[in-house]
Amino acid sequence: MSTQPAAHYDRVHEAWTLIMGEEFHYGHFATPITPLDVATGALTSEMLELAGIGEGDRVLDIGCGTGRQSCDLAEQLGAKVLGITTSASGVAAATALARSRGVDARFEQRDGTSNGLPDSSYDVVWALESSHLMRDRAGLLSESVRVLAPEGRLVLCDIIRKREIPFLEVRDRRHDFATLRAAFGDAHMEPLEDYASRLEALGMTVLEATDVSAETLPTFAAWRANVDAHTDTLTGLLGEQSVTDFVQATHVLEAFWNDGTLGYGILAATKASQ
Ligand SMILES: C[S@@+](CC[C@H](N)C(=O)[O-])C[C@H]1O[C@@H](n2cnc3c(N)ncnc32)[C@H](O)[C@@H]1O
């Protein structure tokens, strides 16, 4: 266990940059050979289009990771961004990033499922690949809706579950699930329709809920190609076992994508005018 969380964060950050590029999320591939950075940029662009963020809009970035997207939204669109994450080292890294880029984005350690922010105080809630880490999905969505101003928008994309996984199958595939946990932490996936129906029940109008599983599938091969290209450096940063676990996890996920168990969804919803 590291006694220096910031140093640990730096190592993981450097390793993930080598594997995933500058944006730590899935790509939306126009073709299987689209470069990874183009594909991750395309997914972000899709979120941007759905969010329709304008100059001066107040944006809450839930699960802000390294802070890069918050900084981009502030710098490129003139949005007033608050990025939140439960990770203290994430807040420190994101704050340092904003300072180094001279960007006016703020970062705070808060839980997306109980954010403590005032009602109706944001024009856009942005959640890029963070919701699967929040087991209390009802809390995340109700808190997101609560802090949205009238006519505000929620945009979210994430890994989704596409079918029920019976208990016996969970038991039989427990090794696969343990591999995923080792590589990506404790994740909990829900169907895209469940996000949509929860939001409708909270009075939101769902504008779009699209399954982009096929378009995100090439992400795994792209990550593995980057592991192959940087094996020695990654082993030095993460250790051999973690690198092996990561590669194995990409195979498990790819199989889940291919057999229709898991996939990827993108969703936008808007709050009523009053
Ligand atoms: C996979 S990263 C995604 C980061 C960023 N959105 C991106 O796409 O680059 C997930 C982020 O969610 C954060 N997170 C996990 N659980 C959270 C919670 N309950 N509340 C807020 N953030 C959380 C993690 O600390 C991390 O910053």
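What you are looking at is a predicted structure, and each value in this text was computed from that prediction instead of being measured. Numbers for residues simply follow the sequence, beginning at 1. Atoms within each ligand, like the ligands themselves, are counted from 1 in listed order. Below, all heavy atoms of this structure are taken into account, side chains as well, without hydrogens, waters or symmetry copies.
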Salt bridge between [X] and [Y], side-chain N to carboxylate O under 4.0 Å?
X	Y	answer
Glu108	Arg106	yes
Asp194	Arg137	no
Asp72	Arg68	yes

Quick check on Thr113 - does any of its heavy atoms sit under 4.0 Å from an atom of ligand 1?
no
When you measure from the heavy atoms of Arg68 to every atom of ligand 1, does any distance fall below 4.0 Å?
no
Gln248 and its side chain to side chain contact (heavy atoms under 4.5 Å, CB included) partner, picked from Leu180, Val243, Thr179, Leu253
Thr179
Out of Asp136, Thr86, Thr66, who is nearest to atom 17 (C) of ligand 1 when you count heavy atoms only?
Thr86
Pick one of side chain, backbone, both or neither for how His25 approaches ligand 1, counting any non-hydrogen atom pair under 4.0 Å.
side chain
Would you mind telling me if ligand 1 is within reach of the side chain of Glu23, the backbone, both or neither, using heavy atoms under 4.0 Å?
neither
Contacts of type salt bridge (Lys or Arg N to Asp or Glu O under 4.0 Å), residue Glu169, not counting sequence neighbours
Arg163, Arg173
Using ring pair (Phe, Tyr, Trp, His ring centres under 6.0 Å) as the criterion, point out the one residue from Phe29, Trp257, Phe246 that pairs with Phe220.
Trp257
For ligand 1, which atoms, with element, lie under 4.0 Å from some heavy atom of [X]?
X	answer
Gly65	4 (C), 27 (O)
Arg110	20 (N), 21 (C)
Ser130	12 (O)
Glu129	1 (C), 3 (C), 10 (C)

The test is side chain to side chain contact (heavy atoms under 4.5 Å, CB included); show your working for Val252 and His175 and say whether it passes.
CA-CA 10 Å; Val252 170; His175 185 69; over 6 Å; no
